[in-house]
Amino acid sequence: MEFYEGACELKLLQTLEGHTDRVWSLAWNPATGTADTPLVFASCSGDKTVRIWEQNPSPSSSSSSSSSSYSSWNCKAVLEDTHTRTVRSCSWSPSGKSLAVASFDATTSIWENVGGDFECVSTLEGHENEVKSVSWNASGSLLATCGRDKSVWIWEVQPGNEYECVSVLQGHTQDVKMVMWHPTLDVLFSCSYDNTVKVWADDDDDWQCVQTLGEPNNGHSSTVWALSFNKTGDKMVTCSDDLTLKIWEMDGTSMQSADGYASWRHLCTITGYHDRTIFSVHWSSEGIIASGAADDAIRFFVEEKDGLVDGPSYKLLLKEEKAHGMDINSVQWSPGEKRLLASASDDGTVKIWELASLCTGNGY
């Protein structure tokens, strides 16, 4: 699908209020958004709570106005009284049945929807201080957490809501900002205040750092805040305090090596578009990269299909100035076909957007 600059517009569908402090992170439930199941996502905040939002089954066209009395999203649950400090990150299991919640109180809680009510079924302890991020692997058998203590923990899911720590990974020299599993492989990625992305793989039940993406190999020169994979998992985008996005590609030839691990190489750097820290990046199934930054704007990038003589390049598709009143901490595309994007901000709100095409009537 070809995208042309100026051929799209970002429509604000709804502003969701309820959090009483900055909203740090968003997570769409991957098992929702089908004909039978309305879209659901979670948001977490400095107010120590998680809110579960659900889309009404029949959205109205009038909802494109943020001032409309029609509400297309409702808060279905508030998960509270469990964490004593900021809730920094949340992540749904692939089945959509469990929600992992990471907090600055050094714990990670696991929640399940039991008969319509969310219950905390397990609490993971071990980090010395703030837990910054949590992520499930593709099968839902492993969970990763990371924190200010510079460590990455891998937990194995056991029967009866038990979680066993199978490895504590020490390799970063600073605060670890985010962990993310590869979408199909049991390979873990972590990004840090030490300006690097580290790649971790399991070798005979011994987790090792198999690659470090840093400044010597065209990596970032300041804190790496987030990363995201494309639909097929052979490309990755990272964002940083150095005001750039970087595109990385899996080296398929190294899959033939003895250890079966594919290394990653730098493809290109998207620079000159941001003038404040880029906190969040997410790659849609259609190949649209969204970024959220400290300049309160959301930007969208797509691959430039022409002139690949010097390798791939990416162009700005759209920039939404003042998308929020303060820093944007998270941007996340919804699962499924619709081009819905949720954004979270220091202004305490979550916004639901639709990226609509101007050249067709229905926006797709």
Side-chain angles (χ1 to χ4, degrees), residues 16 18-33 39-54 73 75-113 117-125 127 130-137 140 142-147 152-153 155 157 161 163 176-181 190-191 225-228 279-282 292 328-335 341-346 348-352:
L16 306 179
H19 284 296
T20 57
D21 202 331
R22 69 185 63 184
V23 187
W24 277 111
S25 181
L26 302 164
W28 292 90
N29 187 319
T32 64
L39 281 166
V40 170
F41 73 91
S43 61
C44 60
S45 166
D47 66 11
K48 309 172 192 173
T49 73
V50 176
R51 286 180 170 259
I52 309 295
W53 306 88
E54 183 177 277
W73 293 85
C75 181
K76 301 295 287 186
V78 180
L79 315 187
E80 54 190 347
D81 301 327
T82 299
H83 292 290
T84 58
R85 294 186 62 195
T86 288
V87 179
R88 180 64 178 84
S89 172
C90 52
S91 176
W92 295 94
S93 63
S95 68
K97 291 182 171 22
S98 300
L99 179 70
V101 175
S103 170
F104 282 5
D105 66 10
T107 71
T108 301
S109 57
I110 311 294
W111 297 76
E112 285 187 2
N113 188 339
D117 293 321
F118 280 85
E119 295 180 8
C120 180
V121 296
S122 192
T123 300
L124 314 184
E125 299 178 347
H127 281 283
E130 290 103 319
V131 187
K132 296 292 182 77
S133 177
V134 60
S135 175
W136 300 84
N137 71 339
L142 297 172
L143 188 71
T145 57
C146 67
V152 174
W153 291 49
W155 309 80
V157 183
N161 294 315
Y163 290 77
V176 188
K177 297 294 187 185
M178 185 181 190
V179 281
M180 177 69 67
W181 290 95
S190 59
C191 43
W225 277 95
L227 61 91
S228 180
F279 290 124
S280 182
V281 64
H282 198 219
I328 296 171
N329 297 314
S330 184
V331 287
Q332 293 290 312
W333 293 102
S334 71
L341 183 85
S343 59
S345 169
D346 276 6
T349 69
V350 174
K351 293 188 178 185
I352 306 295

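In this text the structure is predicted, and so the values were computed from the model without any measurement.
To the nearest 0.5 Å, atoms CG (Asn329) and CZ (Arg22) are separated by 7.0 Å. Within the model, atoms OG1 of Thr145 and OH of Tyr163 stand 12.0 Å from one another, a figure rounded to the nearest 0.5 Å. Atom CG of Leu79 sits about 8.0 Å away from atom OG1 of Thr49, to the nearest 0.5 Å. Taken to the nearest 0.5 Å, the CE atom of Met180 stands 12.0 Å off from the OG atom of Ser190. Atoms CZ and OG, from Arg88 and Ser25 in turn, are 6.5 Å apart once rounded to the nearest 0.5 Å. Note: Leu26 CG to Ile352 CD1 = 7.5 Å, rounded to the nearest 0.5 Å.
A heavy-atom distance below 4.5 Å is not found between the side chains of Cys75 and Leu16. Residues Thr82 and Trp111 are in side-chain contact: their nearest non-hydrogen atoms beyond the backbone lie under 4.5 Å apart.
Pairing each heavy atom of Leu39 with each of Gly33, the nearest pair is CD2-CA, 3.5 Å. Nearest heavy atom pair, residue Ser43 against residue Trp53, reads OG-NE1, 2.8 Å. Summarising the geometry of Ser280 relative to Val331, their closest heavy-atom pair is OG-N, 2.9 Å, with the distance given to 0.1 Å. Heavy-atom minimum distance, Ala42 versus Val50: CB-CG1, 4.0 Å.
A distance-only check finds a donor-acceptor pair linking the side chain of Ser133 to the backbone of Val179 [under 3.5 Å]. Remark: side-chain polar atoms of Asn29 are not paired, donor with acceptor, to backbone N or O of Val40 under 3.5 angstrom. Here the side chain of Trp92 pairs no donor or acceptor atom with the backbone of Pro30 at under 3.5 angstrom. Side chain of Ser122 to backbone of Asn161: a donor-acceptor contact under 3.5 angstrom is found. At least one donor-acceptor pair closer than 3.5 Å links the side chain of Asn137 to the backbone N or O of Leu142.
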Apply side-chain contact (heavy atoms from CB on, under 4.5 Å) to Ser98 and Trp136, showing your working.
CA-CA 10 Å; Ser98 300; Trp136 300 84; 3.9 Å; yes

Leu143 vs Leu124, side-chain contact (heavy atoms from CB on, under 4.5 Å): CA-CA, chis, key distance, verdict
CA-CA 11 Å; Leu143 188 71; Leu124 314 184; 3.7 Å; yes

Determine whether Ser103 and Val131 satisfy the following criterion, side-chain contact (heavy atoms from CB on, under 4.5 Å), listing intermediate values before the conclusion.
CA-CA 5 Å; Ser103 170; Val131 187; 6.0 Å; no

With side-chain contact (heavy atoms from CB on, under 4.5 Å) as the criterion, how do Val350 and Arg51 come out once you've worked through the C-alpha distance, each side chain's angles and the decisive distance to 0.1 Å?
CA-CA 11 Å; Val350 174; Arg51 286 180 170 259; over 6 Å; no

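Between Trp28 and Trp73, the two ring planes are perpendicular [angle over 60°; tilted spans 30° to 60°]. Taking the six-membered ring where the residue is Trp, Trp24 and Phe104 present tilted rings, their angle falling between 30° and 60°.
When the options Ser89, Ser135, Cys191, Ser228 are evaluated for a side chain to side chain contact (heavy atoms under 4.5 Å, CB included) with Met178, the one that passes is Cys191.
Partners of His83 according to the ring pair (Phe, Tyr, Trp, His ring centres under 6.0 Å) rule, which considers only residues two or more places apart in sequence or in another chain, do not exist here.
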